[in-house]
Amino acid sequence: MRKSKSTVSPILNRFSKFSRVTSMNSGVRDAVSQGYPDKALILFRQMKQNGLEPNKLTFPFIAKACTKLSSLKCSQMVHTHMLKSPYYSDKYVQSGLLNMYVKCDEVENFAYAVFDRMHAREIAAWNAMLMGFVQASCFDRALCLFNEMMVDGVRPDSVTVMGLAQLASGLKDVKLLTSVHCLGIRIGVEADVSVANTWIAAYSRCGDLSLSEMVFNEIDLDVLTVVSWNSMITGCANAGEGFMAMELYHNMLYGGFRPDLSTILNLLGSFAKPNALLLGKLVHSHGVQLGCCSDVSVLNTLVCMYSRCADIDSARSLFDSIVDRTRVSWTVMIGSYAEKGDLEDAMALFHAMEAAGEQPDLVTVIYLISACGQVGALDYGRWIDSYAISRGLKSDIRVSNALLDMYSKCGSARDAEELFSSMNERTIVSWTAMISGYALNGQSGKALDYFNVMLMSGLEPNHITFLAVLQACVHAGLMEKGWELFHRMTELYKLSPGLDHHACMADLLGRQGKLKEALEYIQCMPIKPDAGIWAALLSACKIHRNADIGEYAAHHLFELEPQAAAPYVEMANIYASTGRWDGVASIRTKMKSNQVRKYPGESTIQVDGKSYTFRVDDKFHPKGCLIYEVLSSLGLYSKKQIDTFRSEEFF
DNA sequence: GTAGGGTTAG
């Protein structure tokens with residue numbers, strides 16, 4: 001007897017639907033594991049269109065696809081589907097959802113909302129939330145979360161330890177990191193190579209490369225991975241230890257490891273400095289051999305490497321060769337021009353970037369701002385300020401700080417003050433920008449006032465802040481105040497003075513006429529004095545007409561920078577002012593034999609976006625006559641000099 | 001068959 005179709009159909013139908021969902025699930029899973037998250041989402045959509053209900057296994061896979069895409073839009077779409085599903089409260093579904101939002105950088109609102117509503121929190125959920133806070137730099141909240149986790153009696157595992165290590169390195173707190181390290185040993189996860197790799201990276205980020213090395217050397221050879229090598233190489237790169245990075249790379253190849261994209265990327269980072277071009281080129285060629293150089297992030301790093309190695313032409317032609325330029329590609333190239341003070345090329349590329357439909361972000365803007373500060377382009381600087389406002393970038397403190405610095409360097413204290421008082425958050429960088437702005441523009445009293453107010457607000461000065469106040473003292477000739485600050489820096493704040501700080505102190509002594517003391521100070525410095533310090537002493541000798549100490553300083557300068565013209569000129573002036581004409585003649589001979597040429601000094605100013613360059617006694621500007629009239633009315637130029645120019649018929 | 005994780009340019 002034939003069964004009627006109507007009784008058998010629903011069962012068959014349900015069975016076939018079940019098997020179709022199962023096969024769709026494996027399709028989704030495979031797509032995700034093979035690195036095609038977008039394909040997984042297409043399958044998911046097809047499922048819905050065919051009336052197939054995703055089950056409890058579908059959602060974790062789909063969530064994983066969303067984490068790989070880091071797209072908030074996709075995540076929210078999936079979230080809506082999940083809400084309608086009977087499996088919404090499943091712990092794995094919830095964990096997947098949480099992780100999805102963490103990866104979209106939606107930690108504080110979306111991810112925490114999911115976490116907060118979870119009934120049963122597994123260790124994975126805690127870890128995901130912890131990582132999320134750490135990656136979003138919400139370190140306080142991460143610490144609170146860890147405490148809560150302990151109170152809840154959840155036992156930390158290896159992933160927790162990794163999250164805590166990243167937390168400690170984010171805070172640059174090596175003490176905290178050591179206690180995380182101890183926790184790792186106590187719970188027995190120190191043999192886990194992933195944990196060790198995190199420690200290597202974390203110690204180097206805290207500035208303790210020797211501890212990174214210790215962890216690296218303790219890893220069992222059987223479990224050592226490429227990531228371990230990469231972490232160690234990155235550590236060296238960040239510490240500026242290019243030679244050590246290269247040595248590690250050599251050992252890595254010797255040990256039979258195949259470098260990957262990340263190896264090349266990090267290695268290039270260690271050669272992004274002058275005099276490292278040869279090694280950079282070597283690694284570039286390795287990258288080509290390994291097939292890494294079609295990757296846009298490697299290309300971007302290469303552009304950066306070439307420009308930092310002062311080979312801007314190679315950087316530009318490499319940039320031009322990139323087919324799929326990203327925002328970072330543009331920014332790196334704009335930054336290359338900006339760092340060498342080439343504002344015009346930087347701006348041109350910035351407009352090209354916008355024309356190409358790429359959105360500049362805060363890093364792009366910060367580069368442009370700093371270029372304006374370097375060349376004193378107040379007009380452009382103001383324009384970028386308003387551009388930053390229109391793009392909502394000025395709310396970021398880093399942008400505001402860059403603007404403060406730019407206004408100070410352009411000598412516009414009013415713009416700087418206005419901005420400073422409008423900021424609702426001020427970091428040590430903001431204060432330091434203000435202080436050094438006043439120091440630079442000769443308003444030493446105001447610089448010191450700001451310094452005191454800053455101290456009262458509870459902020460701790462760093463070595464750059466101290467440099468700024470010391471410069472203020474130099475400009476005002478405040479010898480005692482300078483020494484007091486210098487001692488406060490070394491004794492109270494335990495900051496070791498760098499070359500610049502020592503230069504200030506030597507300058508302070510020299511300008512006061514204490515040339516012998518200045519010389520003694522330089523000779524007893526714990527670090528080798530550079531050309532800047534000797535130049536400061538030489539110019540002090542010029543003020544106080546001391547040819548003997550001047551000769552000594554000049555001698556060092558001729559050794560350090562034989563091609564620089566300034567020391568020869570300074571020394572010749574000192575001889576002339578003390579009537580030692582034989583000395584003047586000997587300097588002339590020395591300049592000739594060393595083939596040193598003195599180019600006249602230049603000064604550039606921008607008005608209405610146009611650059612004007614002037615030299616001493618410049619007669620080429622069309623409005624020169626007017627300029628000299630104004631100068632004479634200010635008492636900066638004598639009437640007689642203007643008449644001389646007139647008679648020469650230059651105007 | 002299901003989670004959370006290690007290196008990553010400006």
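Numbered from 1 within each chain, the chains take letters A, B, ... in sequence-line order. All values below were derived from every heavy atom in this structure, side-chain atoms included, with hydrogens, water molecules and symmetry-related copies excluded.
Just one of Arg121(A), Met129(A), Lys103(A) meets the side-chain contact (heavy atoms from CB on, under 4.5 Å) condition when paired with Leu98(A); it is Met129(A).
Among the protein residues, Ser329(A) comes within range of no part of the nucleic acid, since none of its heavy atoms lies under 4.0 Å from any strand. When heavy atoms are screened at a 4.0 angstrom cut-off, Arg121(A) is found touching no nucleic acid atom at all. Base contact: Val193(A) has a heavy atom under 4.0 Å from a base atom. Within the 4.0 angstrom heavy-atom criterion, base atoms lie near Met162(A). Heavy atoms of Val227(A) sit under 4.0 angstrom from at least one base atom. Contact annotation for Asp90(A): no contact, since no heavy-atom pair falls under 4.0 Å across all strands. Contact annotation for Gln166(A): backbone-only contact, meaning every heavy-atom pair under 4.0 Å involves sugar-phosphate atoms and none involves a base. Using a 4.0 Å heavy-atom criterion, one finds that Ser297(A) contacts the bases of the nucleic acid, with or without backbone contacts as well. Within the nucleic acid shown, Thr331(A) comes within 4.0 Å of at least one base atom, counting heavy atoms only.
Distance from the side chain of Val328(A) is smallest to dG10(B) among dG10(B), dT7(B), dG1(B). Residue Thr234(A) has its side chain nearest to dT7(B) when only dG10(B), dT7(B), dT2(B) are considered.
Atom pair Leu224(A):CG and dT7(B):C1' shows a separation of 13 Å (rounding to whole Å applied).
Between Lys175(A) and Asp173(A) there is no salt bridge, since none of the side-chain N atoms of the basic residue sits less than 4.0 Å from a carboxylate O of the acidic one.
If you check residues 256-272 of chain A against DNA chain B, the residues with a heavy atom closer than 4.0 Å are Ser262(A), Asn266(A), listed by number.
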